[in-house]
Amino acid sequence: MNTRIVATMLSPVVVCAALVARADAPSFAAVPAQSSLSFAATQQGEKFTGVFRDFDTHVAYAPGQLPSSHIDATIRMKSLDSKNQERDTALVGSDWFDAAKFPTATFRATTLRATATGAVGDADLTIKGKTKRIEFPFTWRAEGGKMVLDARVTIDRLDFGVGTGDWSDETIAGHKVDVIVHLVLAPAGASASPPTAAAPATRKP
């Protein structure tokens with residue numbers, strides 16, 4: 001067969017393959033009533049837990065489309081709830097999160113990669129105006145027609161200047177804090193084709 005004819009026949013196939021390779025990862029919006037952002041910490045050696053009740057998430061992800069995948073979140077610090085009013089007032093105060101000056105914390109993972117143990121995001125976490133790069137390992141699964149993202153990471157609060165003065169003493173409040181993420185995600189947008197940018201999802205009280 002003539003080489004030019006073969007090339008002409010294959011051209012549409014090559015173009016289609018290139019378009020698929022460049023396709024954006026599908027976007028998802030969190031289902032607020034089923035999603036949560038919580039933390040576990042210690043106070044004078046005793047464990048306590050809390051949640052942030054107001055946060056926005058933007059997720060675009062597919063294991064085969066990592067270059068265009070990302071996970072973003074904005075957390076409103078005054079929505080903190082550890083079921084102890086006195087402690088919550090202290091935590092949003094100037095010694096801790098200083099929510100009056102820094103009302104939000106942000107998380108942005110634009111580099112997602114596959115590892116032998118699962119998916120990992122290289123993320124910039126900003127709390128109280130300080131940014132630190134962290135590894136964000138997470139699981140991703142289909143469940144009941146939706147996607148579920150689960151993650152648990154441990155951070156050092158002192159890296160972000162959270163808990164200053166006497167509060168920096170680990171016997172008073174532990175330095176390590178576990179952050180637990182549970183997102184139930186539905187495809188964003190009404191059309192059958194995934195949108196090119198992730199739609200916001202807000203978790204309200």
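Taking Asp150 as the reference, Arg141, His182 meet the side chain to side chain donor-acceptor pair (under 3.5 Å) condition, with sequence neighbours excluded. For Asp72, the side chain to side chain donor-acceptor pair (under 3.5 Å) partners two or more places apart in sequence, or in a different chain, are His70, Arg108.
With respect to Lys176 and Asp156, a salt bridge is recorded, a charged nitrogen being found less than 4.0 Å from a carboxylate O. Under a 4.0 Å N-O distance rule, the pair Asp56/Arg76 qualifies as a salt bridge. Using a cutoff of 4.0 Å between basic side-chain nitrogens and carboxylate oxygens, Arg157 and Glu170 are not scored as salt-bridged.
The 12-atom threshold is exceeded at CH2 of Trp140, counting heavy atoms of other residues, nucleotides or ligands nearer than 6.0 Å.
With Ser68 contributing its side chain and Ala25 its backbone, the two residues share a donor-acceptor pair below 3.5 Å. Panel note: side chain Ser168, backbone Gly165; a donor-acceptor pair is recorded below 3.5 Å. Distance alone, capped at 3.5 Å, places no donor-acceptor pair between the Thr126 side chain and the Gly129 backbone. When atom types are taken as modelled, the side chain of Ser79 and the backbone of Arg53 share a donor-acceptor pair closer than 3.5 angstrom. A donor-acceptor contact shorter than 3.5 Å is absent between the side chain of Thr111 and the backbone of Asp122.
Remark: the Ser82 side chain and the Asn84 side chain contain no N/O donor-acceptor pair separated by less than 3.5 Å.
Looking at every heavy atom in both residues, Lys83 comes nearest to Asp88 through N-OD2, 3.9 Å. Across all their heavy atoms, Trp96 and Ala173 have their closest contact at CH2-CB, 3.7 Å. Annotation for Ala40 and Ile180: closest pair N-CD1, 4.1 Å, computed over non-hydrogen atoms. Between Val31 and Lys146 the shortest heavy-atom distance is CG2-CE, 3.8 Å.
Clustering ILVMFWY residues whenever any of their side-chain heavy atoms sit less than 4.5 angstrom apart, transitively, puts Ile134 in the very cluster that holds Leu112. Both Val153 and Leu125 are assigned to one and the same hydrophobic cluster, defined by single-linkage of ILVMFWY side chains at heavy-atom distances under 4.5 Å.
In this structure, CD1 on Ile127 lies 4.0 Å from CD1 on Ile155, to the nearest 0.5 angstrom.
With ring centers used as reference points, Phe102 lies 6.0 Å or more from Phe160.
Just one residue in the list Val184, Thr57, Thr139, Ile71 forms a side chain to side chain contact (heavy atoms under 4.5 Å, CB included) with Leu149, and that residue is Ile71.
Phe39 and Phe52 have tilted rings, their planes meeting at an angle from 30° to 60° on a 0 to 90° scale.
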